[in-house]
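Here the structure comes first, spelled out in structure tokens, and everything after it is commentary.
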Amino acid sequence: MAPTFVRLLQDPEAEVRSAAAMKLSDFSQMLTPEMVMTLIMPCVTEMCDDQSQHVRLPPHHLLHSLLSFLLPNHTFSLDRTALFHALQVRASLASVVMGLAPIIGKDATIEQLLPLFLKLLKDEFPEVRLNIIGTLPAANTNLGVELLATSLLPAVEELAEDRQWRVRLAVIDYMPPLAAQLGVDFFEERLCDLCVRWLRDCVYTIRESAIENVRRLTELFGVNWAATKLFPKVLQTRESSNYLFRLTALSTVASLSAVVGTEVLYRTLLPIALGMVTDSVPNVRFNVAKTLQQLIPMLDPGMVATQVKPKLLVLSEDTDKDVQYFARKALQSCG
């Protein structure tokens, strides 16, 4: 029966191959693990490169079903099989590998899935690395803090500076839940500086996501911790020789202003914006005006009158027309 089913998976008609593929998981349950490896898995490899999109779609889901059947009953190294050489197989596998952990148990996860997981994290193709990063929260849950710190974290740190910006972006999105699991002390020691470096990334989208990451970490670990341990490093970007990074400092001030409370706003964030009024780049100066306008509703009227309004009046007489425009617009908010 197995050879007949394999012929259906390789049928010249795409509709036949697709129909057979949809039955593949159920059929495999009737076979021994050895037969699945020798007869079925090679067909999955071929399906991943099939000319018909209807045939190409199933492998992503099939791998989860097949491996959940194979792994508890059969010890094998998937990364040493021909199947692993197919990019689409690795990309699909990266999406489902940690979903197998609850099925096969912690010991098998550590013995069989963790080495594969770490190998996929370093795959040469960005699509594979992106997909495996998406499963990192599941890895947190299934591996535990100790294994996470010793085995997984070094790979995450490497991916945080990946040459592909979308991979870096995915790691940034993963950072707050990772930080929550590792705890504030471990995060401060191993990952805090990494989060600061993202603010100086050459890609605008990375810098914007890094700002959001700082805000989420502030909410996670508390304003007092952030004001002492995180903000001094983060806000050093205002002193950068690159005006784009100085703009990042202003955006960080604006983002944090809504979550830090009055004391930190007055003591730390507002002075940074006010201190950048004389920046040499007009683009920075008019963003100072826009940032101050955003802060005004959060400030005491007396502080607006004595500290903010005089700075805006200076900017309203700037030699650059855009700076004048945004300064005068902000002055309208001063009352």
Side-chain angles (χ1 to χ4, degrees), residues 172 195-201 203-219 221-335:
I172 294 174
C195 293
V196 174
R197 287 201 297 275
W198 281 324
L199 293 165
R200 294 184 173 89
D201 196 278
V203 177
Y204 172 78
T205 303
I206 297 295
R207 298 196 298 273
E208 287 295 295
S209 295
I211 293 170
E212 173 65 12
N213 179 55
V214 169
R215 186 189 65 78
R216 292 171 65 188
L217 291 171
T218 300
E219 294 175 324
F221 290 139
V223 174
N224 290 337
W225 172 84
T228 304
K229 303 295 185 179
L230 185 59
F231 294 172
K233 298 178 179 179
V234 165
L235 297 172
Q236 284 178 357
T237 51
R238 73 185 186 277
E239 301 172 353
S240 174
S241 58
N242 188 326
Y243 85 95
L244 294 174
F245 300 158
R246 300 201 297 277
L247 287 174
T248 299
L250 283 172
S251 296
T252 305
V253 167
S255 176
L256 292 174
S257 63
V259 299
V260 297
T262 304
E263 182 181 352
V264 175
L265 175 61
Y266 285 9
R267 185 181 71 245
T268 304
L269 301 185
L270 178 61
I272 289 174
L274 294 174
M276 298 177 71
V277 166
T278 58
D279 194 279
S280 60
V281 178
N283 199 338
V284 175
R285 296 200 299 276
F286 78 64
N287 274 281
V288 169
K290 291 169 68 174
T291 301
L292 290 175
Q293 183 179 14
Q294 184 173 337
L295 298 182
I296 285 171
M298 308 176 195
L299 302 175
D300 179 86
M303 182 168 288
V304 173
T306 59
Q307 296 193 37
V308 177
K309 190 171 182 178
K311 298 292 187 181
L312 289 174
L313 286 170
V314 171
L315 291 174
S316 68
E317 301 297 329
D318 197 274
T319 55
D320 185 272
K321 297 296 183 183
D322 290 331
V323 178
Q324 292 178 23
Y325 170 79
F326 285 107
R328 290 168 185 172
K329 187 176 179 181
L331 280 169
Q332 296 174 6
S333 302
C334 291

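Below, all heavy atoms of this structure are taken into account, side chains as well, without hydrogens, waters or symmetry copies. We count residues from 1, following the sequence as given.
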Could you list the residues that satisfy side-chain contact (heavy atoms from CB on, under 4.5 Å) with [X], not counting sequence neighbours?
X: F326; result: F286, A289, K290
X: P232; result: none
X: T237; result: L199, R200, A249
X: T278; result: none

Partners of R246 by salt bridge (charged side-chain N to carboxylate O under 4.0 Å, His left out), sequence neighbours excluded?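 R246 satisfies salt bridge (charged side-chain N to carboxylate O under 4.0 Å, His left out) with D279 only.
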I'd like to check the salt bridge (charged side-chain N to carboxylate O under 4.0 Å, His left out) partners of R197; sequence neighbours left out, ordered by chain and number.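 With sequence neighbours excluded, R197 shows a salt bridge (charged side-chain N to carboxylate O under 4.0 Å, His left out) to E161, given in chain and number order.
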Quick one, [X] and [Y] - any side-chain contact, counting heavy atoms below 4.5 Å?
X: Y266; Y: L299; result: yes
X: V196; Y: V214; result: no
X: N283; Y: D320; result: no

Going by the rule side-chain hydrogen bond (donor to acceptor under 3.5 Å, both in side chains), which residues pair with [X] if we only count those two or more places apart in sequence or in a different chain?
X: R267; value: E263
X: Q307; value: none
X: K329; value: none
X: Q236; value: none

dist T262:OG1 -> L269:CG (nearest 0.5 Å) comes out at 11.0 Å
How many angstroms lie between CG in L292 and CG in L331, if you round to the nearest 0.5 Å?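 These two atoms lie 10.0 Å from each other.
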Within residues 298-315 or reaching into it, pairs that qualify as salt bridge (charged side-chain N to carboxylate O under 4.0 Å, His left out) - sequence neighbours excluded: none
Given L265, which of V253, L256, V259, L295 fulfils the side-chain contact (heavy atoms from CB on, under 4.5 Å) condition? L295
How about OH on Y325, more than 12 heavy atoms from neighbouring residues, nucleotides or ligands closer than 6.0 Å, or not? no
Using the rule given for side chain to side chain contact (heavy atoms under 4.5 Å, CB included), can you reason through T218 versus F231, listing the C-alpha separation, both sets of side-chain angles and the distance that settles it, and then say yes or no? CA-CA 9 Å; T218 300; F231 294 172; 3.5 Å; yes
Heavy-atom pair with the smallest gap, counting every atom of [X] and [Y]:
X: L250; Y: A273; answer: CD2-CA, 4.2 Å
X: P282; Y: S280; answer: CD-O, 3.6 Å
X: R285; Y: V277; answer: CD-O, 3.3 Å

Pairs satisfying side-chain hydrogen bond (donor to acceptor under 3.5 Å, both in side chains), at least one member in residues 222-234, at least two apart: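 Every pair satisfying side-chain hydrogen bond (donor to acceptor under 3.5 Å, both in side chains) with a residue in residues 222-234: E188-W225, D193-K233.
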What do the steps show when you test T205 against E208 for side chain to side chain contact (heavy atoms under 4.5 Å, CB included), and what is the final call? CA-CA 5 Å; T205 303; E208 287 295 295; 5.7 Å; no
Quick one: does [X]'s side chain have a donor or acceptor within less than 3.5 Å of a partner on [Y]'s backbone?
X: T306; Y: G302; result: yes
X: S209; Y: I206; result: no
X: S316; Y: L313; result: yes

Taking only Lys NZ, Arg NE, NH1 and NH2, and the carboxylate oxygens of Asp or Glu, determine whether R215 and E212 approach each other closer than 4.0 Å.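 Salt bridge: yes.
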